[in-house]
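Report on the following structure.
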Amino acid sequence: MPVPVPAAGFGRRAARRAVGTALVAGAVLTGLLATPVSADVPSPAAPGPQDKTAHDTAPASKAPHDKAPHDKGPQGDGPHDGPHDKGLQRALADLVAAPGGPPGVIAVLTRDGDRRVYRAGTAELGTGRPPRTGDHMRIASAAKAFSGAVALSLVDRRALALDDTIGRRLPHLPAAWHKVTLRQLLQHTSGLPDFSLSQAFQDIVRADPRHHFDSRRLLDFVADQDLAFKPGSRYGYSNSDNIAVALMSEQATGRPYESLLRELVYRPLGLHRTSLPQGYRLPRPYLHGYDTTPGEAPEDVSEAISASGAWASGGIVSTPRDLSTFIGGYAGPTLLSPATRRAQQDFLPGGASEPAGPGSNAAGLALFRYTTRCGTVFGHTGNTPGYTQFAAATRDGRRTITVSVTSQVTLDPALLARLRATEEKFVCALLDDGHR
């Protein structure tokens, strides 16, 4: 049943702003939450039979907070013993100050182990606390790169093959989908209908934004639909793709996707603050995400929506530091063999991430190529209520850039254009050998 809440809650504002707009970014729907949510009322749903962990709690992380000695940045991330680029700092400040701009933004630029942290605004309104590299946050569709890392690692181990089909691995799914391959799922050329666009899914989110979905049954919402197009014939971004990828990974190994993430991604890369929750709560400390409708006070939506409706397509929670480490490992040579990396980086021109990243975009296997005026980087983006993400690295993985924003700027075209221009400035700094 709907949770009783104050009348001026998140759901009503979002509905006024963007009713009927789907979040094609991996998490849930924007503007479809007809019932606002109280921050102190737990979700009434119980965990599904395949997930025995509590989904409405999020303990504080026990890992050290912002203690890395090689971090160079103002406002508390470690010793600042090198000059910061004032132009980059100003770009972030201008983004925060723009109409409808986010309350906070943090960018982490790493070159050969030297990490520089830029930030503007605050991690939580009313506190003055600056965003930090150890703060948790929702990474939205950047989680799709994690599902790619799992599946491609299994390809390296010959547990999966890129030409494996849904019919072979998941024969219980609709027969019309059976010829779709793992490769097509990872590159968004499958034609699978997007579960997050289904009316039934949207109705549930409207009624109870914190509803606990059985994440492994999300494709049931579109099981009565045919493919949107012939597999491999064109690009079509769909949140269903990465749900199917995770299910294929589970079928191939007999292990839960969450366990595969820990073994194949978190542990090899040393990601200590990254997880895939089922509930709406975030581990402490976290970057608070906001709805920033122009003309209205920013509203905290950090814990407004359950992550169970996103799962492998956008449910991961990480930190700026962990996300930076991940993208260097995934876009670089750390996780995958040379042969699998060649397949990963077979790019389809015109395949843009959601939201689009800087420059021109092209789609690989759960990885995008961003060709900017200063050169090329590889990564992923994401957006969900309260958060917008960009993470990219050079091909060798030794230079990385992440830009994490505490609002969903994609709802405002002018603000998104400003963000993409800011991201490009950071990419230029990343690739400039004279930048120190």
Side-chain angles (χ1 to χ4, degrees), residues 26-28 43 45-59 61 136 138-161 164-166 168-173 182 185-186 192 195-196 210-221 223 239-283 305-318 322 326 329-330 335-336 365-366:
V28 288
S43 168
Q50 298 186 42
D51 192 330
K52 304 299 184 182
T53 59
H55 59 271
D56 60 354
T57 60
S61 171
H136 295 87
R138 303 194 188 281
I139 68 168
S141 273
K144 291 178 169 68
F146 283 74
S147 67
V150 167
L152 294 176
S153 294
L154 292 176
V155 168
D156 270 340
R157 289 159 173 77
R158 300 189 178 182
L160 278 175
D164 277 352
T165 63
I166 284 179
R168 178 187 176 192
R169 294 293 181 180
L170 305 172
H172 65 283
L173 292 181
L182 176 63
L185 292 167
L186 289 169
L192 254 62
F195 75 89
S196 71
R210 288 174 171 174
H211 176 82
H212 180 259
F213 290 91
D214 182 343
S215 298
R216 291 163 177 82
R217 302 294 298 271
L218 290 171
L219 296 182
D220 289 358
F221 286 104
N239 291 312
S240 295
D241 289 336
N242 293 81
I243 303 299
V245 168
L247 293 176
M248 290 178 78
S249 299
E250 290 191 331
Q251 188 279 333
T253 61
R255 298 177 57 187
Y257 177 61
E258 292 82 356
S259 174
L260 294 172
L261 280 169
R262 287 191 295 270
E263 178 183 338
L264 301 176
V265 183
Y266 304 164
R267 191 173 301 151
L269 295 178
L271 308 183
H272 301 298
R273 292 186 170 188
T274 301
S275 61
L276 179 54
Q278 280 285 299
Y280 59 86
R281 296 197 186 279
L282 286 169
I305 302 172
S306 168
S308 62
W311 199 46
S313 68
I316 284 180
V317 170
S318 190
D322 269 13
F326 166 75
Y330 180 54
L335 287 181
L336 306 176
L365 304 187

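- For Ala145, the side chain to side chain contact (heavy atoms under 4.5 Å, CB included) partners are Phe326, Tyr330, His380, not counting sequence neighbours.
- Rounding to the nearest 0.5 Å places CG of Asp164 at 10.0 Å from OG of Ser249.
- Interatomic distance, CG of Leu264 versus CZ of Arg255, reported as 7.0 Å (0.5 Å rounding).
- Between atom CD1 of residue Ile243 and atom CG of residue Leu170 there is a gap of 12.0 Å, rounded to the nearest 0.5 Å.
- For the residue pair Ser313 and Ala143, the shortest heavy atom distance occurs at C-CB, 4.4 Å.
- Within the 4.5 Å cutoff, no side-chain heavy atoms of Phe146 are placed close to those of Leu276.
- Side-chain atoms of Ser308 come within 3.5 Å of backbone N or O of Phe213 as a donor-acceptor pair.
- Closest approach of Asp241 and Leu185 over heavy atoms only: CB-O, 3.3 Å.
- Contact of the Tyr266 side chain with the Glu258 side chain is not registered, since no non-hydrogen atoms from C-beta on lie closer than 4.5 Å.
- You'll find the side chain of Arg216 reaches within 4.5 Å of the side chain of Pro256, heavy atoms only.
- The distance from the CG atom of Leu269 to the OG1 atom of Thr274 is 9.5 Å, given to the nearest 0.5 Å.
- Not counting sequence neighbours, the partners of Asp220 by the side chain to side chain contact (heavy atoms under 4.5 Å, CB included) test are Arg217.
- Of all heavy-atom pairs between Asp156 and Leu336, the closest is OD2-CA, 3.3 Å.
- The nearest pair of heavy atoms linking Pro277 to Ala307 is O-CB, 3.8 Å.
- Closest approach of His136 and Arg273 over heavy atoms only: CD2-O, 3.5 Å.
- Contact record, Ser196 with Asn239: OG-ND2, 3.1 Å, taken as the closest heavy-atom pair.
- Put simply, CZ on Arg138 and CD1 on Ile305 are 8.0 Å apart, with the number rounded to the nearest 0.5 Å.
- Considering CE of Met248 and OG1 of Thr165, their distance stands at 6.5 Å, rounded to 0.5 Å.
- When Leu152, Val265, Asn242 are each tested for a side-chain contact (heavy atoms from CB on, under 4.5 Å) with Ser147, only one passes: Asn242.
- Residues passing the side chain to side chain contact (heavy atoms under 4.5 Å, CB included) test with Ala252, sequence neighbours excluded: Leu160, Arg169.
- Considering only heavy atoms from C-beta on, Leu271 stays 4.5 Å or farther from Ser318 through its side chain.
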